[in-house]
Asker: 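Got a structure here, written out as C-alpha cells. Questions coming.
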Amino acid sequence: MTSMVRRTVVPAVAPFAMAAMRHRSRLADEALRELEEEQQEEKTPRPDIPAGWTLKHKAGESCFTLSKQYNDESLEVYCQLQVADPDIAERRRNGDDSSMEHFPFTLLVTRNGKTLDFSLTHVDGEMVIDGLAHFASPAVASDMSAEGMARKERMYQGPTFAELHDKLVDSVAAFLEERGVDDDLSAFVASYSYWMEQQEYENWLRCVADFAS
Amino acid sequence: MTSMVRRTVVPAVAPFAMAAMRHRSRLADEALRELEEEQQEEKTPRPDIPAGWTLKHKAGESCFTLSKQYNDESLEVYCQLQVADPDIAERRRNGDDSSMEHFPFTLLVTRNGKTLDFSLTHVDGEMVIDGLAHFASPAVASDMSAEGMARKERMYQGPTFAELHDKLVDSVAAFLEERGVDDDLSAFVASYSYWMEQQEYENWLRCVADFAS
Amino acid sequence: MTSMVRRTVVPAVAPFAMAAMRHRSRLADEALRELEEEQQEEKTPRPDIPAGWTLKHKAGESCFTLSKQYNDESLEVYCQLQVADPDIAERRRNGDDSSMEHFPFTLLVTRNGKTLDFSLTHVDGEMVIDGLAHFASPAVASDMSAEGMARKERMYQGPTFAELHDKLVDSVAAFLEERGVDDDLSAFVASYSYWMEQQEYENWLRCVADFAS
C-alpha cells in the first residue's frame with residue numbers, strides 16, 4: 001500500500017524523485033536481502049525458560065521480565081538490552097577480548113511490603129553481584145518511569161559490593177541461589193537477550209525496508 | 001537597578017559587606033573584561049544555514065534544530081551541545097589530540113506515521129552513523145521529555161552499526177545523502193555548535209557580571 | 001512479627017522451605033554479625049557542621065543539603081552520594097591510587113530571582129570548580145525531578161572551566177571563598193558523605209537482616 005502511494009506522488013516531482021526512489025529502493029533492497037540471509041541461517045532455538053519463571057516481552061521493546069513466586073515472596077527479574085558503545089563495538093570487532101560483553105539485570109524480591117533490589121551482571125559465564133538496595137516500598141522499587149528512577153537514585157543504593165566482607169557477599173549469593181538466581185539463570189538472561197535481539201533485529205529490518213520502499 | 005538595591009542594603013551590614021562588595025565586583029569586573037576581549041576578537045560569522053533547512057534555537061538553550069520537508073517526509077535534526085568532560089577538556093588543553101571533539105546529533109525522518117531515528121556524530125571532518133531506530137509513532141520518537149526519553153530507551157534501539165554488513169551501512173549512508181544529510185551537513189552542525197556556544201558564552205558572561213555586580 | 005508469619009507458612013511447604021529458612025537465616029546472621037562489628041569499631045564522630053550552615057538529610061536518602069543566607073543571597077549546597085563504579089571499586093581495593101575518590105556537589109546561589117549553579121568537586125583535599133551555569137529562574141535551577149533535570153540539560157551549561165582564563169577562574173574562586181565555599185567546606189562535604197554513608201550502611205544491614213529473617 002505504502003509504495004502505491006509513493007508511485008502516485010513520483011511523476012509530479014520527476015527526475016530528482018526518480019533518483020530518490022532508486023536510493024530508497026537500495027536501502028529497502030539491502031534490508032530485505034539482509035533479512036533473507038538472516039532467515040536462511042540456522043536458527044538458534046528460543047532458549048527454554050527456566051522452570052517456575054514466567055517471561056514477558058512486548059515486541060518492539062528492548063527489555064523483558066521474568067517473574068515467579070517463592071514462598072511468600074514475589075521475584076521479578078528485569079533485563080534491559082544494552083546499547084553497545086560504538087567504540088567498544090569497534091574494538092570487539094577488531095578482536096579485542098578485553099571488552100567482554102556484559103548483561104546487567106535487576107532482581108526485585110518483595111515480601112511483607114518491602115523490596116530488596118539486586119543489581120546483577122552476567123559476564124564471562126558467571127553471575128556477579130554488583131549491588132543490593134533495600135526499599136521500604138515495593139511501589140517505589142518497581143517504578144521504572146523517569147521520575148521513579150530519579151527518586152530511587154536519591155535513595156541509599158547500598159554498599160559497594162567489591163568492598164564488603166566475603167562472608168556477607170557469600171550469604172547474599174546463597175540467598176539468591178536458593179531462589180534459583182544463579183549462574184544458570186544469568187546465562188539464560190544472556191542467551192535470551194541474544195535471541196530476543198535477533199528477533200528485534202529481523203523485525204527492524206522489516207520496518208526499515210517497509211519505511212524505505 | 002540591582003546595584004542600587006545592594007547599595008541601600010550595605011550600610012546596615014558595614015565592613016564585612018564592604019569586603020564582600022569588592023569581591024563581587026572582582027567577578028563582575030573579570031566577566032566584563034573577558035566579554036570585552038571576546039567582542040574585540042575577529043568575529044566568526046554565523047555559519048550559513050544549508051539550503052532548504054530551517055534552523056531554530058532559543059537563546060539560553062544548548063540545543064538547536066534543523067528541519068526540512070523532503071517529498072512526503074519531514075526531517076528534523078536535533079543537536080544538543082555536549083558538556084565537556086573536565087578530564088577530557090584538561091587533556092585537550094595539554095595538546096592531547098586523541099580526545100577529539102565529537103558532535104553527536106539526531107535525525108528524525110517521519111513519513112506515513114512512522115519515524116526513523118538516526119544517531120549521528122560529526123568527528124574528524126566526517127559524519128559517522130552510530131545507530132538507527134524505528135518508531136511506530138512519531139509522537140513517541142520526538143518526545144524529548146524525561147519520561148519520553150525513558151520510554152524510548154525501553155524500545156529496541158536498532159543493531160550495533162559497527163557490526164552490520166558494509167552494504168547495509170552504505171545503503172543507509174546513501175539514504176541519508178539523498179536527503180542532504182552528509183559530511184557537509186554534519187560539518188555545519190559542528191561549526192554552528194561552535195558559533196552558538198560563543199553566543200551563549202558571551203551571554204553567560206553578561207549574566208554572571210550582572211548577577212555579581 | 002515477621003518471622004512469626006513465616007513460621008506459620010513453613011509447615012505447609014515442608015522440607016524445601018526448611019532449607020530455605022536456614023539460608024535466609026544465614027544472610028540475616030551475616031548482616032547482624034557485620035552490624036555488630038561495625039558498631040564495635042571506634043566511631044567516627046559526626047563531623048561538625050560549618051558555622052552558619054543548616055544541614056538536612058532524610059534517613060534512607062543518599063543526598064544531603066547545606067543552606068545558609070549570605071546578605072540578600074540564599075545559598076544551597078546539594079550533595080548526592082556517588083554509587084561506586086564496580087570496576088573502579090575493584091581497582092581501588094587492589095591499591096590503585098589513580099582512581100581517587102571524587103565528591104561532586106552543587107551550589108546554588110540565588111539572588112533577585114536569578115540563580116548561579118556551581119558544579120564543584122572535592123578531590124585530593126581540594127575543591128575544584130567544574131562548571132557554572134546561570135539560570136533566569138530559581139524554580140528551574142532547583143528542580144531536581146527527572147523532568148526538571150532534563151529541562152536544565154537543554155539549557156546552556158556554561159563554558160568548560162579548564163579552558164577559561166585563569167583570572168576569571170580565580171575571581172569565581174574568590175566569589176565562592178567569600179561565601180565560605182572553599183577547600184574546608186568541600187572537605188566537610190567529603191567527610192560528611194563518609195559519615196552519612198556509614199549510618200546508611202548500618203541501617204541497610206538492619207533492613208537486610210530484617211527482610212531475610
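Throughout, protein chains are lettered first and strands after them, A, B, ... in sequence-line order, and every chain is numbered starting at 1.
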Asker: Quiz question: by atom type and distance under 3.5 Å, do the side chains of B/Glu202 and B/Gln198 form a donor-acceptor pair?
Answerer: yes
Asker: Verify the distance criterion only: is there a donor paired with an acceptor across the side chains of A/Thr110 and A/Thr115 at less than 3.5 Å?
Answerer: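 Yes, a side-chain donor-acceptor pair sits under 3.5 Å.
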Asker: Can you tell which part of A/Met149 gets under 4.5 Å to a heavy atom of chain B, answering side chain, backbone, both or neither?
Answerer: neither
Asker: Please determine, among A/Glu37, A/Glu34, A/Glu30, the option with the most heavy-atom pairs under 4.5 Å with chain B.
Answerer: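 Among the listed options, the one with the most contacts to chain B is A/Glu30.
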Asker: Within the 4.5 Å heavy-atom criterion, are B/Tyr201 and B/Leu205 side-chain neighbours or not?
Answerer: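 With C-beta onward as the side chain, the pair touches.
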Asker: Any side-chain donor paired with an acceptor under 3.5 Å for B/Ser145 and B/Asp143?
Answerer: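 A pair is found: one side chain offers a donor N or O, the other an acceptor, under 3.5 Å apart.
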Asker: Of the backbone (N, CA, C, O) and the side chain (C-beta and beyond), which part of A/Glu200 lies under 4.5 Å from a heavy atom of chain B, both, or neither?
Answerer: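 Backbone plus side chain of A/Glu200, per the 4.5 Å heavy-atom cut-off to chain B.
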Asker: Checking heavy atoms, do the side chain of B/Val128, its backbone, both or neither come under 4.5 Å from chain A?
Answerer: neither
Asker: Could you please state which residues from residues 39-46 of chain A sit under 4.5 angstrom from chain B, measuring non-hydrogen atom to non-hydrogen atom, sorted by number, or 'none'?
Answerer: none
Asker: Tell me, do A/Leu27 and B/Val172 make a side-chain contact under 4.5 Å, heavy atoms counted?
Answerer: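 Contact flag for A/Leu27/B/Val172 side chains = yes.
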Asker: If you check every heavy atom in residues 51-59 of chain A against those of chain B, which residues fall under 4.5 Å?
Answerer: none
Asker: Can you confirm whether A/Val109 sits close enough to A/Phe118 that some side-chain heavy atom of one is under 4.5 Å from a side-chain heavy atom of the other?
Answerer: yes
Asker: Heavy-atom cut-off 4.5 Å, strictly under: side chain, backbone, both or neither for A/Phe64 against chain B?
Answerer: neither
Asker: For A/Tyr194 and A/Glu101, which I'm curious about, is there any donor-acceptor pair between the side chains at under 3.5 Å?
Answerer: yes
Asker: Does a side-chain heavy-atom distance below 4.5 Å link B/Phe105 with B/Tyr78?
Answerer: no
